[in-house]
Every structure is written in structure tokens, then in C-alpha cells.
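Take a look at the structure below.
Reminder, nothing fancy here: chain letters follow the sequence lines and each chain counts from 1.
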There are 2 protein chains.
Amino acid sequence: MRSTLQREIILNTIRKMHHHATAEEVYAAIHQQHPTISKATVYRNLQRFAQQGELVPLQLEGDATRYDRRLFQHYHFVCRACNAIYDVDMAPLADINQQVQEQFGFSVDQHDIVFKGICPTCAKTPD
Amino acid sequence: MRSTLQREIILNTIRKMHHHATAEEVYAAIHQQHPTISKATVYRNLQRFAQQGELVPLQLEGDATRYDRRLFQHYHFVCRACNAIYDVDMAPLADINQQVQEQFGFSVDQHDIVFKGICPTCAKTPD
DNA sequence: GTGAGTGCAAATCTTTTGCATGTTT
DNA sequence: AAACATGCAAAAGATTTGCACTCAC
């Protein structure tokens with residue numbers, strides 16, 4: 001992958017942002033400092049980084065694709081009330097890939113888990 | 001929820017289709033027999049059914065929302081090669097909601113797991 | 001009769017693409 | 001020079017919305 005100024009800026013920007021930023025959010029953040037960088041370039045490169053394993057794409061319901069910059073295995077929690085996305089840093093379930101592989105014959109290399117419920121903040125706030 | 005002819009047709013159609021149909025697929029299937037039923041009605045009602053718990057929405061990467069008519073808890077496997085979606089009917093992990101709840105303080109009522117890898121069909125076929 | 005549901009078309013949102021131009025190697 | 005990357009604007013795909021009309025209750 002060639003090194004371009006745009007790529008550097010995109011990666012730097014995403015590293016400064018919250019986890020799980022959308023392409024649109026990354027573009028907006030970049031656009032302030034670098035108004036000539038196009039949206040297409042941001043979209044193209046985020047996808048590219050995901051392919052290279054430098055970002056992990058995260059698709060949740062009714063929402064644009066998000067890019068996670070925490071590369072180690074972890075899970076997510078989505079609050080049904082406020083839609084916030086939290087990281088769930090529990091110990092990864094080490095054996096379930098293997099288990100599915102043996103039981104169903106798929107060659108499994110990964111799994112994602114999304115928990116849903118109500119986050120502490122929303123639990124406290126009577127809507 | 002009022003009972004309308006359109007709703008009946010939509011539910012009947014989705015019951016005859018493969019699991020994980022998209023709104024577009026449901027619409028196409030309906031449209032042949034009932035060309036007056038509009039796409040908006042299909043979209044609106046699929047969402048509605050999902051809210052009512054009669055269908056489960058399933059959002060996977062780079063793909064339209066799918067609606068799952070298998071209501072009991074189960075997981076999914078997505079093939080990286082052909083993008084096919086398989087059901088994974090392993091025993092649900094009964095205790096991880098509780099575990100996350102205790103460890104992180106979220107009120108968890110559900111979790112989804114998506115496995116990724118290569119399906120048996122693609123494994124056999126040298127691309 | 002009233003409010004919920006529908007059909008249609010237009011609007012919105014997110015993402016992708018064609019193409020001419022500019023940059024990296 | 002060759003291959004790849006960018007910017008722009010247009011296109012595409014999925015979904016939502018406004019509104020007048022219709023139907024279920």
C-alpha cells in the first residue's frame with residue numbers, strides 16, 4: 001500500500017477519535033483541517049485499512065459502518081435506549097470457534113458478539 | 001396492530017421464503033402476485049414486525065437488513081468467500097449475559113454471535 | 001367517524017463509481 | 001513511465017417520509 005499524505009492524515013485522525021467512528025465522522029473531523037481531502041478518499045481508505053487489518057469494520061443495526069481501531073479481540077454492547085456503543089473487554093471465548101467448526105463443519109476463524117440491553121446511564125435516567 | 005390484507009400477505013410470504021430475507025427480496029416475491037402492494041408498505045411492516053418480536057432483524061456487513069423468522073435464540077455463520085449466511089444451532093451460551101452484566105454493570109437482555117470463516121462448499125471449491 | 005395503514009413519488013442517507021488529473025515508486 | 005491514488009460530481013442502493021386517500025375498528 002502506497003504511502004500518501006491523505007492516508008497518514010486519515011489514520012492520525014481516527015486515532016484521535018472515539019472508537020467506532022463512522023466514515024462520515026472521520027471525514028468531518030478531517031475536513032476542518034484539510035478541506036481538500038475528499039469524502040471518497042476517506043471512504044476508500046477506511047475500507048482499505050479494514051482489508052489490511054488496521055481497522056475493524058463494525059456494522060450495527062440501522063447505522064452506518066463504524067471502524068474500530070482497537071484491534072485485539074473484544075465484544076460490544078449496544079444500549080437500546082441511547083444507542084451508545086460500549087466495548088466489552090471480557091476474556092474472549094477461546095473455544096467456541098473450534099466448537100462450531102467441529103459441530104458444523106465450517107472453517108471458523110473469527111466471531112463477534114454484540115450484547116444488547118440498557119446501559120447504566122440510561123438505567124438511572126427515568127426517561 | 002391492525003390486521004390488514006397487506007400484513008397478512010407479507011407475513012405469509014416471508015414464511016415461505018428462506019430465512020434472512022431482505023426487504024427487497026420480500027417485496028420482489030410479493031410483487032409478482034400482488035403488484036399493488038408498495039415497497040414502502042413492505043419496509044414499514046417488516047420493521048413493525050421486528051418491533052413486535054415477530055421477526056428478528058439481522059444486520060451484517062455491507063448488506064441490507066435481513067429479517068429472520070426463526071425466533072428462538074440462535075447464532076449465524078457468514079462465509080467470507082460466498083457471503084452465504086448459515087444458521088448455527090449450537091446451544092445458546094446461557095450465562096454470558098449475566099456475566100457481562102455482573103462484570104460491567106450493563107443490564108443485558110440479549111446477545112448475538114456471528115462467526116466468520118469459510119463454508120464447506122467454498123472449502124471444496126478451489127476458487 | 002376516526003385514526004391507523006397504504007400507495008406513490010420524492011427525499012434522504014450512506015456508499016460507490018467513472019473519469020480526468022496528480023503522485024508515488 | 002507505470003501503477004496507483006485522489007477529487008469531484010454523478011450514480012447507485014437502501015430506506016424513509018410527506019401527503020392524499022382508504023380501510024379497519
Side chains of [X] and [Y] only: does a donor on one sit below 3.5 Å from an acceptor on the other?
X      : Y      : answer
A:D112 : A:H76  : no
A:Q47  : A:Y67  : no
A:N97  : A:H111 : yes

Could you check how far [atom1] of [X] sits from [atom2] of [N], rounded to whole Å?
X     : N      : atom1 : atom2 : value
B:Q47 : C:dT6  : CD    : P     : 13 Å
B:Q59 : C:dT14 : CD    : P     : 13 Å
A:E61 : D:dT15 : CD    : C1'   : 14 Å
A:L5  : C:dT23 : CG    : P     : 10 Å
B:N45 : D:dT17 : CG    : C1'   : 15 Å
A:L46 : D:dT6  : CG    : C1'   : 15 Å
A:R2  : C:dT25 : CZ    : P     : 7 Å
A:M1  : D:dA3  : CE    : C1'   : 16 Å

Centroid-centroid distance, B:Y86 to A:F106, less than 6.0 Å:
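Yes, ring centres under 6.0 Å apart.
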
Grouping ILVMFWY residues whenever side-chain heavy atoms fall under 4.5 Å, the cluster of A:L71 otherwise contains A:V56

Is B:E54 salt-bridged to B:R7, going by a charged N under 4.0 Å from an acidic O?
no

N/O (side chain, [X]) to phosphate O (OP1/OP2, [N]) under 4.0 Å:
X     : N      : result
B:R48 : C:dG5  : yes
A:R7  : D:dA5  : yes
A:Q6  : C:dT23 : no
A:T4  : D:dT6  : yes

Only one of A:E25, A:R69, A:R66 clears side chain to side chain donor-acceptor pair (under 3.5 Å) with A:H18; which?
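In the set A:E25, A:R69, A:R66, the residue that makes a side chain to side chain donor-acceptor pair (under 3.5 Å) with A:H18 is A:E25.
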
Scan residues 22-44 of chain A against DNA chain C and write down, sorted by residue number, each residue with any heavy atom closer than 4.0 Å; if none is found, say none.
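Heavy-atom cutoff 4.0 Å gives A:A40, A:Y43, A:R44.
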
